[in-house]
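Okay, so here's the structure we're looking at.
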There are 2 protein chains.
Amino acid sequence: MTVPISATAAQAHVSPLKVTPASPLFLREDEIRRGIELLYFGYTSMIRGADAILEAQGLGRAHHRSLYFIARRPGLSVGELISLLGVTKQSLGRVLNDLGHRELVEQRVGVADRRQRLLTLTASGAALEARLFTELERSMARAYGEAGQQAVSGFWAVLMGLVPPADRPQVEALQG
Amino acid sequence: MTVPISATAAQAHVSPLKVTPASPLFLREDEIRRGIELLYFGYTSMIRGADAILEAQGLGRAHHRSLYFIARRPGLSVGELISLLGVTKQSLGRVLNDLGHRELVEQRVGVADRRQRLLTLTASGAALEARLFTELERSMARAYGEAGQQAVSGFWAVLMGLVPPADRPQVEALQG
DNA sequence: AAATTGGGACAGTCATGTTGACTTATCTGC
DNA sequence: GCAGATAAGTCAACATGACTGTCCCAATTT
């Protein structure tokens with residue numbers, strides 16, 4: 001039951017990608033497994049492009065995640081970043097030290113609360129993040145274009161559904 | 001522009017989850033970033049449930065991935081599994097040794113090619129994989145239910161679009 | 001008979017994460 | 001104003017999962 005994928009659809013950024021549609025009884029094991037597998041392969045495929053750049057810099061994915069969220073929310077505190085990434089202070093500490101020594105990330109004392117260290121990218125940090133983002137964007141833009149606008153809405157809805165309701169406000173807060 | 005998510009929709013498995021729909025100009029940076037972030041948080045959220053079970057067994061995610069694909073394609077060869085996971089022979093070797101010593105995975109000599117080692121789960125391996133799958137399924141089924149059938153089709157289409165065309169046949173081959 | 005392929009094994013390294021305990025500075029509530 | 005909570009940094013030790021490189025064996029292919 002293999003569904004052939006039109007290879008030429010990659011260039012034509014208008015025609016929706018044809019894949020097996022979800023059946024009315026869409027909670028069967030195979031359909032769950034299809035979601036699990038596509039999520040795994042889609043995620044690793046998207047990430048792959050940035051890995052080459054990171055490796056050339058001697059950085060890893062952990063550094064990328066920090067750069068990404070600092071770019072997304074300039075001036076966020078160390079604690080907020082820990083909460084977003086779901087790692088311990090010690091793990092993040094080493095990553096932030098690396099990024100600080102390379103002058104990719106700067107820390108400022110918080111204005112409202114002077115215990116906080118607010119994180120921002122330096123110019124070179126922003127440049128690196130932009131290069132990494134371009135890699136992810138290329139992959140994501142192609143997928144959006146192939147799948148079509150309606151599919152993108154569904155993509156977002158299912159992914160948000162995977163996030164436990166308690167964690168959703170934090171994810172939504174990244175937007176706008 | 002934070003969109004409040006109905007918390008009660010989690011119980012009612014019929015009403016589609018309301019999220020910001022993709023705009024006509026859906027290639028703007030914010031919409032790309034939204035996809036990146038939801039993919040990250042959705043993936044890690046789905047995985048999280050299985051981690052507790054794995055930890056109790058003294059196993060890690062690498063073991064889970066092998067168990068998953070052996071359950072999905074019983075009798076696949078070591079080389080096929082290496083190709084699916086995108087890891088080196090050495091990395092997989094240790095994982096398969098662990099799983100073998102715990103009698104969760106069995107190897108049989110290939111019939112067509114006797115150099116191959118074909119992998120299958122033992123009874124206890126299948127039982128463990130089933131428990132792990134149940135965790136992922138709970139998360140995925142809830143997301144499917146909240147988002148609705150149409151959204152699931154879009155979810156699949158975008159994810160398949162993320163996979164480089166050259167890799168897609170391998171992903172499709174897991175189905176049916 | 002020679003070359004290739006599938007798989008296993010050993011040694012060493014690196015990146016990323018963990019726990020626990022301790023310090024410093026700062027804020028908040030009484 | 002002081003006690004306790006909080007934000008952050010730090011040290012040490014450790015586990016996991018990946019890597020590279022090399023060597024080997026058995027089976028298949030040419």
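Quick note: numbers below take in every heavy atom, side chains included, and nothing from hydrogens, waters or symmetry partners.
Put simply, OH on Y68(A) and CZ on R61(A) are 15.5 Å apart, with the number rounded to the nearest 0.5 Å.
In terms of position on DNA chain C, the residue among V87(A) and G110(A) whose nearest nucleotide sits closer to the 5' end is V87(A). In terms of position on DNA chain D, the residue among N97(A) and Q116(A) whose nearest nucleotide sits closer to the 5' end is Q116(A).
Here E146(B) pairs with R168(A) in a salt bridge; the nearest charged N to carboxylate O distance falls below 4.0 Å. Electrostatic pairing of R73(B) and E80(B) does not count as a salt bridge here, judged by no charged N lying under 4.0 Å from a carboxylate O. By the 4.0 Å N-to-carboxylate-O rule, E29(B) lies close enough to R33(B) to be salt-bridged with it.
A close approach under 4.0 Å does occur between a side-chain nitrogen or oxygen of S77(A) and OP1 or OP2 of dA8(D). Between H63(B) and dT16(D) there is no side-chain polar atom (N or O) within less than 4.0 angstrom of OP1 or OP2. Look at Q107(A) and you'll find a side-chain N or O under 4.0 angstrom from OP1 or OP2 of dG9(D). For S91(B), no side-chain nitrogen or oxygen approaches OP1 or OP2 of dG17(D) to under 4.0 Å.
No hydrogens or angles were tested; on distance alone, a donor-acceptor pair under 3.5 Å links the side chain of K89(A) to the base of dG9(D). Looking at R94(B), its side chain comes within 3.5 Å of the base of dA18(D) through a donor and an acceptor atom. Side-chain atoms of Q90(B) and base atoms of dT22(D) include a donor and an acceptor less than 3.5 Å apart. Between the side chain of R115(A) and the base of dT6(D), a donor-acceptor pair under 3.5 Å is found.
Look at CG on L92(A): it is 12 Å from P on dT10(D), rounded to the nearest Å. Note: NE2 (H64(A)) to P (dG17(C)) measures 13 Å, nearest angstrom. Rounded to a whole Å, the CZ atom of R117(A) is 13 Å from the C1' atom of dC27(C). In this structure, CG of D98(B) is placed 14 Å from P of dA15(D), rounded to the nearest angstrom. Going from atom CG of L96(B) over to atom C1' of dT16(D) covers 16 Å, rounded to whole Å. Put simply, CZ on R114(B) is 6 Å from P on dT28(D), counting in whole angstrom units. I82(B) places its CD1 atom 13 Å from the C1' atom of dA18(D), with the value rounded to the nearest Å. I47(A) has its CD1 atom 12 Å from the P atom of dT16(C), to the nearest Å.
When the nucleotides dA18(D), dG7(C), dA27(D) are ranked by their closest atom to the side chain of D113(B), dA27(D) comes out on top.
Here the side chains of E31(B) and W156(A) are in contact, with some heavy-atom distance below 4.5 Å.
Within the nucleic acid shown, G93(A) has no heavy atom closer than 4.0 Å to any nucleic acid atom.
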